Amino acid sequence: MSIVSLKEIVDTAFAERYGVPAINIVNDLTLQAVLNGAVAANSPVIIQTSVKTVRQIGAKVLFTMWQSMTDGISVPVTLHLDHCPYRDVISECLALGWNSVLFDASELPVEENQRQTIEVVAEARSYGAHVEGEIESITGVEDGIGSDTEAKRQSLDVSLAFIEATGIDVFAPSIGNAHGVYSAEPELDFERVSELVARHRIPIALHGGSGMTDEQFHDLIARGCAKVNISTALKITYMQSSLASLLRAETANKWDPPTLFTDVSTDIVSLTTGLAHTFGSAGKAW
């Protein structure tokens, strides 16, 4: 296997009712570690890049890293641009070879969001790429995108009309989920996922996955959440693993950067394999 489309990954997961980890990487080390974790778990994986990461590393450099690290990989992988409200960044990434994008126009009125999403879908199709859409902001700020104010939820009929008019491939509803660290176990609207899927059989993207319980994951995946986004958990693992490794180096007075890189990579591989097992995607590579 190797690089495949987002649609192929999520449609298969949706049909078989498992979730695929969609993990936001932040640099070359995290990219390689997440890919290694997917291979270790024999799981498909969606590699996500935020606008912030694309701008910090540079889209061309980031895509070259992706091409090099996925060459000959044995599991299905795909490259996704996460939460992007900027049409120029979307166009740049699609032209370079990103497999899919989330056009985040949730701050706009639904009608304007829909109009522009139709344009983004047409642009993506010209590259053989796919689109995730949303009409409600997911609460919380992630890499400079979003708001801590909970957005108004649209009706089921408005959501379905948006899905049908735009032709998006994945839909990300607001169900009480949030980006960042939950202060308490989130209260989620499980039925909203079931209602959407019953009316339109589209794979659902679950945002704000970091901090949800295994029981919540299992319930939502069984209802149709085929794409499960993880960002905060990777950042926490990356920073805490780095801190622990540096403290060990200080205690031993041995300052060896490759040891730091190995420690962090090992912990991110473990995070990735654990998510694959929790979401049911382990062993599902084809």
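Values in this document were obtained by computation on a predicted structure and should not be read as measured data. Throughout, numbering of the chain's residues begins at 1 and tracks the sequence.
Minimum interatomic distance between A285 and V75 (heavy atoms only, all atoms of both residues): CB-CG1, 3.8 Å. Between D104 and H83, the closest heavy-atom pair is OD2-ND1, 2.8 Å. Shown here for P203 and D11, the closest heavy-atom pair between the two residues is CG-OD1, 3.5 Å. When all heavy atoms are compared, the tightest approach of V264 to Y238 is CG1-CD1, 3.6 Å. Residues A222 and R17 approach most closely at O-NE, 2.9 Å, considering heavy atoms.
Taking 4.5 Å as the limit, every side-chain heavy atom of T78 sits out of range of all side-chain heavy atoms of I47. Between R192 and S159 the shortest side-chain heavy-atom distance falls below 4.5 Å. Side-chain atoms of I204 and V170, non-hydrogen and from C-beta on, never get closer than 4.5 Å to each other. Residues S265 and F261 have side chains not in contact (no heavy-atom distance under 4.5 Å, counting atoms from C-beta outward). Here the side chains of N24 and T49 are not in contact, with every heavy-atom distance at 4.5 Å or above. In this structure, the side chains of M65 and I57 come closer than 4.5 Å at one or more pairs of heavy atoms. S5 has its side chain out of reach of N99: every pair of non-hydrogen atoms, C-beta onward, lies at least 4.5 Å apart. Looking at R125 and V120, their side chains never come closer than 4.5 Å, going by heavy atoms from C-beta outward.
For the atom pair SG (C84) and NZ (K52), the distance works out to 15.0 Å, reported to the nearest 0.5 Å. Atom CE of M239 is separated from atom CG of L234 by 11.5 Å, given to the nearest 0.5 angstrom. Between L160 atom CG and H200 atom NE2 the span is 8.0 Å, to the nearest 0.5 Å. Taken from CG in D71 to OG in S2, the straight-line distance is 7.0 Å, to the nearest 0.5 Å. Here the CG-CD1 distance, from D82 to I46, works out to 10.5 Å after rounding to the nearest 0.5 Å. Atom-to-atom distance recorded for I202:CD1 and I163:CD1 is 4.5 Å, nearest 0.5 angstrom.
Residues V54 and F103 share a hydrophobic cluster, clusters being chains of Ile/Leu/Val/Met/Phe/Trp/Tyr side chains in contact below 4.5 Å. I118 and V158 are members of different hydrophobic clusters when ILVMFWY side chains are connected at heavy-atom separations under 4.5 Å. Both L62 and V77 are part of a single hydrophobic cluster, where members link through side-chain heavy atoms under 4.5 Å apart. Residues F14 and L102 fall into different hydrophobic clusters, defined by Ile, Leu, Val, Met, Phe, Trp and Tyr side chains chained together at heavy-atom separations under 4.5 Å. I230 and V269 fall into different hydrophobic clusters, where Ile, Leu, Val, Met, Phe, Trp and Tyr residues are linked whenever their side-chain heavy atoms come under 4.5 Å apart, directly or through other members.
Side-chain atoms of E136 come within 3.5 Å of backbone atoms of S174 as a donor-acceptor pair (strictly under, hydrogens ignored). In this structure, T213 contributes its side chain and Q216 its backbone to a donor-acceptor pair below 3.5 Å. Here the side chain of D169 pairs a donor or acceptor atom with the backbone of V131 at under 3.5 angstrom. Side chain of T12 to main chain of E8: a donor-acceptor pair is present (N/O by atom type, distance under 3.5 Å, no hydrogens or angles). Using modelled atom types, one side-chain atom of N113 and one backbone atom of A105 make a donor-acceptor pair closer than 3.5 Å. Using modelled atom types, one side-chain atom of T273 and one backbone atom of S270 make a donor-acceptor pair closer than 3.5 Å. In this structure, the side chain of S68 does not engage the main chain of T64 through any donor-acceptor pair within 3.5 Å. Judged by distance alone, the side chain of S126 and the main-chain N or O of E123 form a donor-acceptor pair under 3.5 Å. Side chain of H277 to backbone of T272: no donor-acceptor contact under 3.5 angstrom is found.
For the residue pair S43/S281, the side-chain donor-acceptor check at 3.5 Å is satisfied.
For R115, the salt bridge (Lys or Arg N to Asp or Glu O under 4.0 Å) criterion is met by E112, E119, not counting sequence neighbours. Here E191 pairs with R223 under the salt bridge (Lys or Arg N to Asp or Glu O under 4.0 Å) rule; sequence neighbours left out. For the salt bridge (Lys or Arg N to Asp or Glu O under 4.0 Å) test, residues two or more places apart in sequence or in another chain that qualify with D189 are R153. With sequence neighbours excluded, the residues that form a side chain to side chain donor-acceptor pair (under 3.5 Å) with T30 are N27. In this view, Q114 satisfies the side chain to side chain donor-acceptor pair (under 3.5 Å) rule with no residue, not counting sequence neighbours. Residues passing the ring-ring contact (aromatic ring centres under 6.0 Å, His included) test with F217 are F279, sequence neighbours excluded.
Using the six-membered ring where Trp is involved, F171 and F162 have ring planes that are tilted, between 30° and 60° apart.
Identified under the salt bridge (Lys or Arg N to Asp or Glu O under 4.0 Å) test for residues 35-51, with sequence neighbours left out: none. Applying the salt bridge (Lys or Arg N to Asp or Glu O under 4.0 Å) definition to pairs two or more places apart or across chains, those involving residues 197-217 are D157-R199. Residue pairs satisfying the ring pair (Phe, Tyr, Trp, His ring centres under 6.0 Å) criterion with at least one member in residues 109-134, sequence neighbours excluded, are absent. Screening residues 22-38 for salt bridge (Lys or Arg N to Asp or Glu O under 4.0 Å), with sequence neighbours left out, gives no hits. Under the salt bridge (Lys or Arg N to Asp or Glu O under 4.0 Å) criterion, the residue pairs touching residues 258-268 are R248-D263, with sequence neighbours excluded.
Counting Ile, Leu, Val, Met, Phe, Trp and Tyr side chains that sit under 4.5 Å apart, directly or through other members, L243 shares a hydrophobic cluster with L247.
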Checking side chain to side chain contact (heavy atoms under 4.5 Å, CB included) for the pair V110/Q154: CA distance, chi angles, key distance, verdict? CA-CA 9 Å; V110 174; Q154 301 295 334; 3.7 Å; yes

Show your working on side-chain hydrogen bond (donor to acceptor under 3.5 Å, both in side chains) between S50 and T53 and close with a plain yes or no. CA-CA 5 Å; S50 69; T53 298; 3.1 Å; yes

Would Y86 and R55 count as a side chain to side chain contact (heavy atoms under 4.5 Å, CB included) here? Give the steps. CA-CA 12 Å; Y86 308 113; R55 287 176 169 169; 3.7 Å; yes

Apply side chain to side chain contact (heavy atoms under 4.5 Å, CB included) to the pair W66 and I3, showing each step before the final yes or no. CA-CA 10 Å; W66 161 256; I3 299 170; 3.5 Å; yes

Evaluate the criterion side chain to side chain contact (heavy atoms under 4.5 Å, CB included) for residue pair W286 and I9; output intermediate values, then yes/no. CA-CA 10 Å; W286 60 87; I9 285 180; 4.1 Å; yes

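With S100 as reference, H80 is the one residue of K227, H80, E132 to meet the side chain to side chain donor-acceptor pair (under 3.5 Å) rule. Residue I25 forms a side chain to side chain contact (heavy atoms under 4.5 Å, CB included) with just one option from L31, I268, L79, and that option is L31.
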